[in-house]
Amino acid sequence: MKDLRLCVIGDELVAGSGDPRALGWLGRVLARTDMPDHAHVFPLARPRETTAQMAERWETEAYPRFAEDADNRLIVGIGSADVEAGLSTARTRLALANIVDIAMQKNVSVLVVGPPPLRSSDSRQLRAVSDAAREVCDRRSIRFIDTYSPLATHDSWHDDLVMSSVGLPSQAGYGLLAWIVLHSGWYEWMGLEPRV
């Protein structure tokens with residue numbers, strides 16, 4: 001059976017910053033997934049990283065972890081860094097498209113997790129980033145997980161952000177992000193059965 005090599009790029013949300021359990025959404029998703037024995041997961045998060053910065057570094061960091069005869073997969077977790085850095089939506093779209101196109105050319109399966117609403121960022125701009133990411137994925141028929149829409153009016157999500165001293169989700173918020181990922185095509189993308 002092939003090795004499964006899963007690289008995850010993104011910002012502090014991928015790293016689980018602000019989570020007292022240090023799991024973030026990624027750790028919670030993996031804990032609810034019966035990963036095969038031959039699976040290797042490589043979180044490659046950098047706080048406050050924009051999609052343009054991800055596009056510059058992801059190959060250098062991910063490809064040494066992939067293997068020619070493996071099932072190579074890439075998760076791109078997008079946060080609020082593009083909005084905070086003043087990147088245009090067109091720049092976000094181009095950077096993400098570059099990541100996805102290169103990965104697909106090299107037979108790497110891609111999943112994109114869009115940004116959730118955060119108190120530190122302009123909500124209209126963050127929604128525009130999410131919409132741009134969805135558009136890139138839709139044009140290439142790859143899975144996009146929208147976290148913005150289900151959380152935009154979710155009281156528990158916003159309560160969790162208000163309680164946070166760093167403006168990031170805590171345990172409850174990361175739990176909500178993980179639930180969305182798990183119930184938005186995660187198992188199908190991984191080719192695994194949901195845990196009961």
Atom pair CZ/CD of Arg140 and Glu135 - distance to nearest 0.5 Å: 9.0 Å
For Ala55 and Ala95 the tightest heavy-atom approach is CB-O, 3.9 Å
Would you say Tyr187 and Arg32 make side-chain contact, with heavy atoms under 4.5 Å? yes
Just verifying a value: how many Å separate Ile102 CD1 and Glu59 CD, rounded to the nearest 0.5 Å? 4.5 Å
Report the C-alpha distance between Arg93 and Arg139 in whole Å, list the side-chain angles of each, state the deciding distance to 0.1 Å, and finish with yes or no for side-chain contact (heavy atoms from CB on, under 4.5 Å). CA-CA 11 Å; Arg93 190 181 295 110; Arg139 286 186 176 184; 5.6 Å; no
Mind checking side chain to side chain contact (heavy atoms under 4.5 Å, CB included) for Pro64 and listing every partner two or more places apart, or none if nothing turns up? none
Apply side chain to side chain contact (heavy atoms under 4.5 Å, CB included) to Ala172 and list each qualifying residue two or more places apart in sequence or on a separate chain. Asp160
Would you say the side chain of Leu192 lies within less than 4.5 Å of the side chain of Asp34, judging by non-hydrogen atoms? no
Is there a side-chain contact between Met104 and Ile142 (heavy atoms, below 4.5 Å)? yes
As a quick check of understanding, evaluate side-chain contact (heavy atoms from CB on, under 4.5 Å) for Leu30 and Met35, giving each step before the final call. CA-CA 7 Å; Leu30 294 173; Met35 297 294 282; 4.1 Å; yes
Less than 4.5 Å apart, any side-chain heavy atom of Leu13 and any of Leu168? yes
Separation between CD of Glu68 and CG of Asn107, rounded to the nearest 0.5 Å: 10.5 Å
One should read off an interatomic distance between His40 NE2 and Cys7 SG, to the nearest 0.5 angstrom, of 11.0 Å
Within a 6.0 Å radius of atom CD on Glu193, are there more than 12 heavy atoms belonging to other residues, nucleotides or ligands? no
Answer yes or no: is there a donor N or O on one side and an acceptor on the other, between the side chain of Asp82 and the main chain of Thr51, under 3.5 Å? yes
Less than 4.5 Å apart, side chain to side chain, heavy atoms only: is that true for Arg57 and Leu44? yes
What's the verdict on side-chain contact (heavy atoms from CB on, under 4.5 Å) for Asp11 and Arg48, showing C-alpha distance, side-chain angles and the deciding distance? CA-CA 5 Å; Asp11 64 3; Arg48 293 186 277 291; 6.0 Å; no
Minimum heavy-atom distance between Gly79 and Leu126, given as atom pair plus value: O-CD1, 3.9 Å
Partners meeting salt bridge (Lys or Arg N to Asp or Glu O under 4.0 Å) with Lys2 (sequence neighbours left out): none
If you apply the rule side-chain contact (heavy atoms from CB on, under 4.5 Å), what do you find for Ile75 with Trp186, and how did you get there? CA-CA 11 Å; Ile75 297 175; Trp186 168 257; 3.5 Å; yes
Closest heavy-atom pair, Pro116 versus Leu151, reported as atoms and distance to 0.1 Å, is CB-CD1, 4.0 Å
Would you find a donor on one side and an acceptor on the other, under 3.5 Å apart, between the side chain of Thr147 and the backbone of Gly114? yes
Going only through I, L, V, M, F, W and Y residues with side-chain contacts under 4.5 Å, is there a path from Leu177 to Trp179? yes
Value for CZ (Arg127) from CZ (Arg134), rounded to nearest 0.5 Å, stands at 9.5 Å
More than 12 foreign heavy atoms under 6.0 Å from CG of Asp138: is that the case here? yes
Student check: side-chain heavy atoms of Tyr63 and Val108 closer than 4.5 Å: yes
Not counting sequence neighbours, which residues clear side chain to side chain contact (heavy atoms under 4.5 Å, CB included) with Ser109? List them please. Arg73, Trp189
Same apolar cluster: Leu87 and Val76, side chain cutoff 4.5 Å: no
Checking the side chain of Thr50 only, and the main-chain atoms of Gln53 only, is there a donor and an acceptor separated by less than 3.5 Å? yes
Heavy-atom neighbours of Arg91 CZ exceed 12 at 6.0 Å: no
Do Glu188 and Arg143 pass the salt bridge (charged side-chain N to carboxylate O under 4.0 Å, His left out) test, and can you show the C-alpha distance, the side-chain angles, and the key distance before you say yes or no? CA-CA 10 Å; Glu188 294 87 346; Arg143 189 165 303 274; 5.2 Å; no
I'd like to check Ile9 versus Leu74 (side-chain heavy atoms, cut-off strictly below 4.5 Å). Are they in contact? yes
Which residue pairs pass the side chain to side chain donor-acceptor pair (under 3.5 Å) test when at least one of the two sits in residues 13-24, sequence neighbours left out? Asp19-Arg28
Least distance between heavy atoms, Ser184 atom then Ile180 atom: OG-O, 2.6 Å
So side chain to side chain donor-acceptor pair (under 3.5 Å) across residues 148-159, not counting sequence neighbours, yields Asp146-Ser149
Hphob cluster co-occupancy, Ile78 + Leu94, side-chain heavy atoms under 4.5 angstrom: no
Looking only at heavy atoms, what is the nearest atom pair of Ala81 and Glu49, with distance? CB-O, 3.2 Å
Trp25 and Leu176, any side-chain heavy atoms less than 4.5 Å apart: no
Are Leu23 and Val29 grouped together when hydrophobic residues (ILVMFWY) are joined by side-chain heavy atoms under 4.5 angstrom apart? no
Nearest 0.5 Å, what's the CD-CG distance between Glu12 and Leu118? 8.0 Å
What heavy-atom pair brings Pro115 and Val129 nearest, and what distance separates the two atoms? CG-CG1, 4.0 Å
